[in-house]
Amino acid sequence: FYLIQLRHFPAAHAGLFLMAVPSVMAIVAPTSGALSDKIGTRGLCSVGLFIQGIGFILLGLLGSTSPQSAIVAALLVIGLGIGMFNPPNNSDLLSSVPRERLGNASGMMGLTRTMGMVIGVALSSAIFTGVRNYLMGDAGANPGSSGVGQEVAFLGGLRWAFWVAAGSSWAGMVMVWGRKNRREMRE
């Protein structure tokens, strides 16, 4: 929404911005996975979710004239968080099932990851649209009526969507911190 609708970047340019997330993940994830084998999963997962939440807050702080470097920086922070979280989390989940059930567990991980993305997009879109429409008042249905400007309403909806995403990341961090990883259970 932000890159194309508000900032009016061409789709190809917006795609280049978004490549920041998987690029950092590709660099960080192998190190995070190897480190989790040595120090355990809980700390890395928690730190990854915390960093991801910071990235969402940074995205929520962007304005209509924020420098491109701020957009890239926020996306890099999110990629760092995801890259730190995913490998240790996958390792912990797969180590909790018997060897003969690894295929089932892997399939369920893929399903829950996909469902999480679908629900996350739907929830974020609903929050964005709801807040934007609320801020615009009747202006959405009656362009001549009162309400804040479209740009302010757009940014308000976007901020709330990103702030809820940050809160979800931090709620996940608390849940991860409360669980014991396989290494701790064996000791």
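For the numbers below, each heavy atom of this structure counts, side chains included, while hydrogens, waters and symmetry mates do not.
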Tell me whether Leu6 shares a hydrophobic cluster with Leu16, the cluster being built from Ile, Leu, Val, Met, Phe, Trp, Tyr side chains joined at under 4.5 Å.
no

Give every donor-acceptor pair under 3.5 Å between a side-chain atom in residues 19-33 and any protein atom, sequence neighbours left out.
| residue | atom | partner | partner atom | Å |
| --- | --- | --- | --- | --- |
| Ser23 | OG | Met19 | O | 2.7 |
| Ser32 | OG | Met84 | O | 2.8 |

Which pair of heavy atoms, one from Ser46 and one from Val176, lies closest together, and at what distance?
OG-CG1, 3.6 Å

Could you measure the distance from the OG1 atom of Thr114 to the CD1 atom of Ile119? Nearest 0.5 Å is fine.
11.0 Å

Is Phe162 close to Leu58 at the side-chain level, that is, under 4.5 Å between some pair of heavy atoms?
no

Is a donor on one side and an acceptor on the other found under 3.5 Å between the side chain of Ser95 and the backbone of Ser91?
yes

Taking side-chain contact (heavy atoms from CB on, under 4.5 Å) as the test, write out the residues that go with Met109, two or more places apart.
Asn90, Leu93, Leu94, Arg113

Could you go through the side-chain contact (heavy atoms from CB on, under 4.5 Å) check for Val97 and Leu102 one step at a time?
CA-CA 7 Å; Val97 297; Leu102 285 176; 3.6 Å; yes

Pairs satisfying ring-ring contact (aromatic ring centres under 6.0 Å, His included), at least one member in residues 77-113, at least two apart
none

Side chains of residues 60-79: which donor-acceptor pairs under 3.5 Å do they make with residues two or more places apart or in other chains?
| residue | atom | partner | partner atom | Å |
| --- | --- | --- | --- | --- |
| Ser64 | OG | Glu151 | OE2 | 2.7 |
| Ser66 | OG | Gly63 | N | 2.6 |
| Ser66 | OG | Gly63 | O | 3.4 |

Roughly how far, to the nearest 0.5 Å, is CE of Met115 from CE of Met108?
10.0 Å

Between the CG atom in Leu49 and the CD1 atom in Ile82, the distance rounded to the nearest 0.5 Å is 9.5 Å

In short, ring-ring contact (aromatic ring centres under 6.0 Å, His included) pairs touching residues 13-49 with sequence neighbours left out are Phe9-His13, Phe9-Phe17, His13-Phe17

Filter on ring-ring contact (aromatic ring centres under 6.0 Å, His included), then keep only pairs touching residues 101-122, sequence neighbours left out; what's left?
none

If I take atom CD from residue Gln5 and atom CG from residue Leu158, how far apart are they, to the nearest 0.5 angstrom?
10.0 Å

Let me check something: any side-chain donor-acceptor pairs from residues 122-130 under 3.5 Å, sequence neighbours excluded? List them with distances.
| residue | atom | partner | partner atom | Å |
| --- | --- | --- | --- | --- |
| Ser124 | OG | Gly120 | O | 2.8 |
| Ser125 | OG | Val121 | O | 2.9 |
| Thr129 | OG1 | Ser125 | O | 2.9 |

Determine which pairs satisfy ring-ring contact (aromatic ring centres under 6.0 Å, His included) with at least one residue from residues 91-127, sequence neighbours left out, and list them in order.
none

Applying side chain to side chain donor-acceptor pair (under 3.5 Å) as the test, list every pair that has at least one member in residues 101-112; sequence neighbours left out.
none

Among all residues two or more places apart in sequence or in another chain, which pass the side chain to side chain donor-acceptor pair (under 3.5 Å) test with Arg159?
none

Distance check, rounded to the nearest 0.5 Å: Leu44 atom CG versus Arg42 atom CZ?
11.5 Å

Is any side-chain heavy atom of Ile4 closer than 4.5 Å to a side-chain heavy atom of His8?
no

Atom of Arg132, atom of Phe154 and distance for their closest heavy-atom approach:
CG-N, 3.9 Å

Side-chain donor-acceptor distances from residues 163-170 under 3.5 Å, at least two apart:
| residue | atom | partner | partner atom | Å |
| --- | --- | --- | --- | --- |
| Ser168 | OG | Val164 | O | 3.0 |
| Ser169 | OG | Gln52 | NE2 | 2.9 |
| Ser169 | OG | Ala165 | O | 3.1 |
| Trp170 | NE1 | Phe50 | O | 3.1 |

